[in-house]
Amino acid sequence: MAQLFKHLKVHQIFGANTDVGKTILTTGLLRASASRKRRVFYLKPVSTGPLEEADDRFVRRHLKDLAGQLSEACLFRYDQPVSPHLAVQLSKDKGLDYGTPDDAEFVLSVSEHIQRSAHAAVEELSDMYVETAGGVHSPTLSGTSQADAYRPLFLPTILVGDAKLGGISSTISAYESLLIRGFAVDAIVMFRDSYYRNWEYLSEYFADRGVKCFSVDPPPPKDSDIAKDTSALSDYYSGVIAPDSPSNLQALVSELDSRHYDRLTQLESMSTRAMETIWWPFVQHGLVKGPQDVMTVDSAWGDFFSTYESNIGSSGGNAELHHAHDTLLSPQLDGSASWWTQALGHSSPALTLAAASAAGRYGHVMFPQAVHKPALQLAEHLVHDGPGKGWASRAFFSDDGSTGMEIALKMALRAFAKRRNISDPSERKKLGILGLKGSYHGDTIGSMDACEEGVFTCEWHNAKGYWLDPPAVSLRQGTPTLSFPDSMGEYCSSEPTQYESIADLYDISSRLSSSLASQYTKYIEEKLDRIETMGHTRIAALVMEPLVMGVAGMVFVDPLFQRILVDVVRAREPSTISAGDWSGLPVIFDEVFVGMYRLGMESCAPVLGVTPDISVYAKILTGGLIPLAVTLANNSIFQAFLSERKEDALLHGHSYTAHPVGCEVANETFKQIAILAKSPLWQDAKTSWATPSKVGQRESAIWSFWGYDFISQLSTLDVVQDVMAMGTVLAVTIRDDAGGYASFRAQNLLAPLKTLSQDNTGPGGLPSRIHFRTLGNVAYFMSNLNTPETVLRSTEKRIWESLSQP
């Protein structure tokens, strides 16, 4: 992961192309740094070509007078003078297969070398330069672009520009490739060619972007006589670091020093400044005691944040893991998948490029009575091939899940009012919804009104509807268990019901003929009869979060209960309707949280065996990169708004409706998920949940990236009430008589997860923390759709250790 040291200033050197002088200029930088009485380190992670021409040997030969002050190294060496990925293949063809590290192993090797160098550095500032091979997108050993392979390290970057013909274009292109991946480019440096004079143009170009471009006199022509060549280069290096030289590399070192100290100063002050200016959501500021309680995120990659650790090197925190030369940054596993939005990890190159492409082509364009390719492609996928397949006819775009739900409510209420011929405005305002206790559909006031009174509601809240208390599914003492609320006591046994397997609980087709299905039907019908006789609010729609109610505390609702609920309300249609029309009540599925594979499936509808009339998607829809929501509706809902009168239209919209960037990112997200669905990671996870000893003789649609054995064993601990997992979600309910959203018991018991541990290592092999959030006495954890198995298993281990302590 990203590394930052107080006493070791590390810069990575990329080239705008091959043969632009990276090694010559890096050698000059090493000499300029050394002239300031600093310890200097040079790393060439990958070298190809004859040993006598290797870059680390070049550095050693021309800086031999710095013995004791210079350390140089190469990690992976191949003798063929070709691209690294091809050098690996040629070695294999010769029978010299030394084993090719994948990108994670490669990054780990580089990271560990940097850490060793930091521990070897002296107390005063030392400098390290990591020189890449070829150009920005030259392949690494695995064939991945260097720009992507090195990104987890997030090292400040120096770009060596191209002084030759065409170099202006290649330098700008290389810079933009780095910038789009989040690299911090601290400086541009290049040779001063007197004919093409690229440095003149590029100095002005980059000055407008806040980056200095340094030009350096070119080296003397290479002499075939090694002694003469070495002598000439010695004179050259003395010249380019001389204070009076027009191409003084000392100025570049000073600029790098300034950037380094600016970054340290910025990180040190951010938490304090944040406390003075930011109002955080869902945070009681009275409990934030000081800057140490604020997480400062420097960058993020994959499953991890990279956070600033101000107490490293001091007696605070985990002093046993801290040394004076440890990195000031540490990985933190993003245990909530960045508040339920991430799908492919942070800083996904594929999603970033998709966003850049759409931003460059469109920016944002107005959408009413218009169309652009990203929106059309997304709408067609969602309606015809995705979660709306077979029932939806239209896709309505909005900004986020809460607004998407408000749109869904408008659709449903209008459709109901029109069919029931409710034209009186005062009567329309009395329309409400039928939902489940604990429901949460967003923080806009309209969405709040579709929930009962609770801790999230506000002064204007006006609950419009009725909410049934649902039965819930979980693992208790290793056994799949169905528990019933007290309100169902006269209809169902007050004792929890146990099942042989998770597959049995989610086999709706078999359970529909059970006595419990009849009991659910009676309970719901009688509840609806009572609601109708009360007459305060007329129920106009059924709204529910399928399978899992997130904010309620990750409640895994009995799918049979939700299926029966849909069947009952649809059977209460007093008049004959056409095939395909909504019946009884419009049914809304709020799949903002649960949809798009958060639970391992694109939509929950196939598990329930019934489709909605309206559904809403957001969060994972764009892989977590940018806000976007889509409300799908069937044709009968759409027809309720169709006429020749403007006022009958769905008069709801947002300035950024169908934002092209969001739509294009969503399209790319679906492409990436389709690839992942065939990956060994997914197949192995499904297989582990489908073995006969765990889920019966048949394969279940329910599976999780979290291990079944792990959650089963976790559910047997004394401090644990129950556990459940599905897809990326793991929920652990801690025993607490007080319980509820205000409980701190889960947070306190799992506090060890927030300390540094060698058992959890992020990219780069650094000790990491686990950042997690709780919903009262419920602790939940969320992975990405591509979280490596090693990360999942090490996280399970730490959760187990925290909760199994006596």
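Bear in mind that the values here come from a model prediction, so they are computed numbers and not experimental data. The basis for the numbers below is simple: all heavy atoms, side chains too, and nothing from hydrogens, waters or symmetry mates.
- Cation-pi geometry between R209 and Y205 is met: under 6.0 angstrom from the ring centre, within 45 degrees of the axis.
- Between atom CD of residue E131 and atom OG1 of residue T23 there is a gap of 3.5 Å, rounded to the nearest 0.5 Å.
- Side chains of E309 and L329 form no contact here, defined as non-hydrogen atoms less than 4.5 Å apart.
- Evaluation of the side chain to side chain contact (heavy atoms under 4.5 Å, CB included) rule for I180 yields T352, L353, A356 as partners, not counting sequence neighbours.
- A34 pairs by the side chain to side chain contact (heavy atoms under 4.5 Å, CB included) definition with V40, L66, Q69, not counting sequence neighbours.
- Using modelled atom types and a 3.5 Å distance limit, the side chains of S348 and Q672 yield no donor-acceptor pair.
- Ion pairing between a basic and an acidic side chain is recognised when a charged N comes within 4.0 Å of a carboxylate O; D257 and R38 show such pairing.
- The only option from S33, S71, S126, S117 that meets the side-chain hydrogen bond (donor to acceptor under 3.5 Å, both in side chains) definition with R39 turns out to be S71.
- Side chains of Q250 and S35: a donor on one and an acceptor on the other come within 3.5 Å.
- Here the rule is side chain to side chain contact (heavy atoms under 4.5 Å, CB included) with I13, and of V160, L25, T132 only V160 fits it.
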Exercise. For the pair H346 and F304, evaluate ring pair (Phe, Tyr, Trp, His ring centres under 6.0 Å) and give the outcome as yes or no after the intermediate values.
Key: CA-CA 7 Å; H346 296 277; F304 292 86; 9.4 Å; no
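- Between the side chains of T307 and Q332, at least one donor N or O sits under 3.5 Å from an acceptor N or O.
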